[in-house]
Amino acid sequence: MALLEVAKIIFINLCNQTQKKLSITVMALLRKEKTPMDDKEIVKMYWQRNEEAIRETADKYGAYCRKISQNILSDVSDSEENVNDTYMQAWLSIPPHRPDSLMAFLGKLARNLALNRYKAAHAKKRFADQFAVSLDELSDCTPSKITVENETEVAELGKSISRFLYSQKEDIRNVFICRYFYCDSIEEISSRFGYSQSKIKSMLMRTRIRLKSHLKKEGYYEE
Amino acid sequence: MKNEVFARAMTEIDEELIVSAHKDIVQRPKRKKWIFAVAACFILICASALYLKNSNRIEILVYGNTIADQSVAVDIPAPLSSDLRYTIPDVITVPLEIQTERRLNIEADDTTIEVYSLKTDKLLYEGQVCETKESVTVLWTIEAPNPNQTYQLRLNDDAVLLLLSYDKDADNWILNKQ
């Protein structure tokens, strides 16, 4: 009898959740909320110099850009400014660019701009924020032969890292990107992937060691 | 900025890697939760149904054989006399073995029952209405049986009904289960 009661409760909860989702869908339809525009359509609007492109970008990727900015900058107002700068930069870059993946393009823009802000804000002092902790972790594998001013070499290093990441298992690859591209905290990554925090730290450490070995083979370290 | 070279290089990784890592974040947890919740619910319902089905089962045996759909002839001792007037016995006692995992309620109308524990053979009850939670042996006694009457033994409020009646064609008392 107890089993039957538990089954009844789970079944009722599932029904309630379904009903809630249906209600949300119906409400959205009633409010005439539009579905997000296709990326190709948005890029086309940029090329047509149609300012609606920015609104569509904000609708579809605003939260995404905000998350990347927030993970690096921590401060909410700085993050909002960074997101606005990202839209501006997108407007100035398209054309001539015609990105295949608008999401990745915006992600890179947001990240680069956030890194610039972070560098400017933390030029003299060293902070112990989340992003700084993730940067510290990279001490294991940062190559010594490249300077940040040489953009071509930095881009080549990015390609080498991509080659390395493609050779890794999907979970390991995605955990690494979440940590060092999206700058998510260990806690966030742990809850998303369903692994314990210690397992995530261990995965990242072993991946950094393998990455260092890969970069050594490709000649990124001075002998 | 410490390790800026690597930080900048990470911005330059392939777009496909950036997109697939994000898709993994957005989609996987919700999908998994939903599937597991539905599967768990389904398994729970099936297990509950199976448990209830099995626990409701009452098996009745007479002379060591399970009573199913066909009627069973009741073994009546032969009369001491060859006088045909004595073919209808004074008393009929039907020995039944009732196996169950749940509460068992036995009611005998106009007849009596003696209920013994199947495990210990201990007399549990004597009378017309009995309630027990274990498998039992029941001696169902009908005094001065009338061949024109059908006698009933009710189990669990008519969930199972045993009927004892006289078959004139077979010239025998028979037991049926409903």
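Any value given below was found using the heavy atoms of this structure, including those in side chains, with hydrogens, waters and symmetry copies removed. Order of the sequence lines sets the chain letters (A, B, ...), proteins ahead of strands, with each chain counted from 1.
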Taking NZ in A:Lys60 as the centre, count heavy atoms belonging to other residues, nucleotides or ligands within less than 6.0 Å. Is the count above 12? yes
Find out whether A:Glu151 and B:Arg8 are in side-chain contact, i.e. whether some heavy atom of one side chain is under 4.5 Å from a heavy atom of the other. no
Sidechain N-carboxylate O distance under 4.0 Å for A:Lys119, B:Glu4: yes
Apply side chain to side chain contact (heavy atoms under 4.5 Å, CB included) to A:Ile161 and B:Phe6, showing your working. CA-CA 9 Å; A:Ile161 294 170; B:Phe6 197 98; 3.9 Å; yes
A quick test of your reading: do over 12 heavy atoms of other residues, nucleotides or ligands sit less than 6.0 Å from CD of A:Glu187? no
Less than 4.5 Å to any heavy atom of chain B: does that hold for the side chain of A:Leu102, its backbone, both, or neither? neither
Count the heavy atoms of every other residue, nucleotide or ligand shown that sit under 6.0 Å from CG of A:Asp100, and state whether that count exceeds 12. no
Could you tell me the separation between the CZ atom of A:Phe164 and the CG atom of B:Leu17, rounded to the nearest 0.5 Å? 11.5 Å
Give the C-alpha distance, both sets of side-chain angles, the deciding distance and a yes or no for side chain to side chain contact (heavy atoms under 4.5 Å, CB included) between B:Glu12 and A:Glu156. CA-CA 8 Å; B:Glu12 302 300 322; A:Glu156 280 303 314; over 6 Å; no
Could you have a look at A:Leu109, A:Ile177, A:Leu157 and say which one has the most heavy-atom pairs with chain B under 4.5 angstrom? A:Ile177
Does atom CD of B:Glu16 have more than 12 heavy-atom neighbours, drawn from other residues, nucleotides or ligands, at distances under 6.0 Å? no
Kindly compute the distance separating CG (A:Leu165) from CD1 (B:Ile13), expressed to the nearest 0.5 Å. 6.0 Å
Quick check against the 3.5 Å criterion: does A:Tyr182 have a side-chain atom that pairs as donor or acceptor with the backbone of B:Ile18? yes
Apply the test side chain to side chain contact (heavy atoms under 4.5 Å, CB included) to residues B:Asp14 and A:Tyr166: give CA-CA distance (whole Å), side-chain angles for both, the deciding distance (0.1 Å), then the verdict. CA-CA 10 Å; B:Asp14 274 11; A:Tyr166 279 123; 3.0 Å; yes
Once you round to the nearest 0.5 Å, how far does CE of B:Met10 lie from CG of A:Leu115? 11.0 Å
Do B:Glu15 and A:Lys108 have side chains that approach each other closer than 4.5 Å (heavy atoms only, starting at C-beta)? yes
Do you know the tightest heavy-atom contact between A:Asn174 and B:Ala21? OD1-CA, 3.4 Å
Can you tell if the side chain of B:His22 reaches within under 4.5 Å of the side chain of A:Ile68, non-hydrogen atoms only? no
